[in-house]
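Beneath this line is the structure, given in structure tokens, with notes to follow.
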Amino acid sequence: TTHFKHSSQNTKKLMEREKQLGLQQLKLKQECITRWNSKFDMLERLVFVKDAVSSVVASVKNVQGLSASEWEVAEEYVNVFKPFKVLTATMSSATSPTISMVIPELNKLKHILQNDCGLEATCLPTLREDLVSAIDHRWPQYEANRLYAISTYVDPRYKDCGFSADSCAAFAHSLVLS
């Protein structure tokens, strides 16, 4: 993407190629080191306009494009981290209560990572397991946290269905009663 940032001629070629391919004309995004999701946004955009980028890069001398396996890895990263992007947007909302969403959203994220849910595992075999471990490390026993459990249980959107097990819902129920 740096190549397109420094070459207005190639940026114009990219826009023309996107138009020829019937794609929405989009600029490539750059990573911002202070925002984790900027790398995701950059990769997602790059994957979205892959055909146009590959075509333009192939026509430019001294610029090496991505290999098929590198494109595959980029696509898989986008697939794996898309739920994190959605969760970040959901939890950053100022319009809905978020403390009650912690348990259900972390359970949903772990479910997506553990059950594959359409995510390919060819390029990144241990990434999903590492991410689940990181969630468990950062939020140890989050379902046993009194504040999260009570908040989730009294929220009519979740009640007892936001928990990973009946025993966790029963624990939250007992906290509410006490």
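Numbers for residues simply follow the sequence, beginning at 1.
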- Query: Counting only N and O atoms by type, is there a donor-acceptor contact under 3.5 Å from the side chain of Thr98 to the main-chain atoms of Met101?
  - Reply: no
- Using a cut-off of 6.0 Å, state whether more than 12 heavy atoms not belonging to Lys110 lie near its atom NZ. yes
- Item | Close side-chain approach of Leu28 to Met42, heavy-atom, < 4.5 Å | no
- Smallest separation among heavy atoms of Leu21 and Ala52, with atom names: CD1-N, 3.6 Å
- Exercise: identify the closest heavy-atom pair between Phe163 and Ala149: CZ-O, 3.7 Å
- Message: Side chains of Ile135 and Leu109, heavy atoms from C-beta outward: is any pair under 4.5 Å?
- Response: yes
- Salt bridge between Asp41 and Arg35, side-chain N to carboxylate O under 4.0 Å? no
- Message: Testing the basics here: between Glu31 and Lys39, what is the closest heavy-atom pair and its distance to 0.1 Å?
- Response: OE2-CE, 2.9 Å
- Query: Just how far is it from atom CG of Asp166 to atom NE2 of His173, taken to the nearest 0.5 Å?
  - Reply: 12.5 Å
- Working to the nearest 0.5 Å, report the span between SG of Cys168 and CD1 of Ile103. 8.0 Å
- Message: Quick check against the 3.5 Å criterion: does Ser38 have a side-chain atom that pairs as donor or acceptor with the backbone of Cys32?
- Response: yes
- State, without any angle test, whether Asn107 and Tyr142 hold a side-chain donor-acceptor pair at a distance under 3.5 Å. yes
- Message: Donor-acceptor pair, distance only, cut-off 3.5 Å: does the side chain of Ser54 make one with the backbone of Lys50?
- Response: yes
- Is Glu72 reaching over with its side chain to a backbone N or O of Ser69, donor-acceptor style, under 3.5 angstrom? no
- Message: Do Leu127 and Glu76 make a side-chain contact, defined as non-hydrogen atoms from C-beta onward lying under 4.5 Å apart?
- Response: no
- Taking it one step at a time, do Leu46 and Trp71 satisfy side-chain contact (heavy atoms from CB on, under 4.5 Å)? CA-CA 9 Å; Leu46 187 63; Trp71 278 114; 3.8 Å; yes
- Message: Within a 6.0 Å radius of atom CZ on Arg146, are there more than 12 heavy atoms belonging to other residues, nucleotides or ligands?
- Response: no
- Asp155 side-chain N/O to Ser151 backbone N/O, donor-acceptor pair under 3.5 Å: no
- Item | Check: Leu175 main-chain N/O paired with Ser178 side-chain donor or acceptor under 3.5 Å | yes
- Message: Under 3.5 Å, is there a donor on one side chain and an acceptor on the other for Thr90 and Glu105?
- Response: no
- Does Lys159 make a cation-pi contact with Tyr153 (under 6.0 Å, within 45 degrees of the axis)? yes
- Heavy-atom donor-acceptor pair, Asn145 side chain to Tyr148 backbone, under 3.5 Å: yes
- Note on the structure: For Leu113 and Arg128 the tightest heavy-atom approach is O-CD, 3.1 Å
- Query: Below 4.0 angstrom, N of the basic side chain to O of the carboxylate: do Glu16 and Lys13 qualify?
  - Reply: no
- Query: Is the shortest side-chain N to carboxylate O distance from Glu44 to Lys29 below 4.0 Å?
  - Reply: no
- Closest non-hydrogen contact found for Ile112 with Pro83 is CG2-CG, 3.9 Å
- For the residue pair Phe40 and Lys82, establish whether any side-chain heavy-atom pair is separated by less than 4.5 Å. yes
- Message: Using every non-hydrogen atom in the two residues, find where Leu43 and Ala74 come nearest and quote the distance to one decimal.
- Response: CD2-CB, 4.1 Å
- Message: For Phe81 and Tyr77, take the angle between the two ring planes, folded into 0 to 90°, and tell me which bin it lands in: parallel under 30, tilted 30 to 60, perpendicular over 60.
- Response: parallel
- Query: Out of curiosity, does Val86 fall in the hydrophobic cluster containing Phe84 (side-chain heavy atoms, cut-off under 4.5 Å, transitive links)?
  - Reply: no
- Item | Steps toward side-chain contact (heavy atoms from CB on, under 4.5 Å) verdict (Val102, Met91) | CA-CA 8 Å; Val102 171; Met91 296 302 286; 3.9 Å; yes
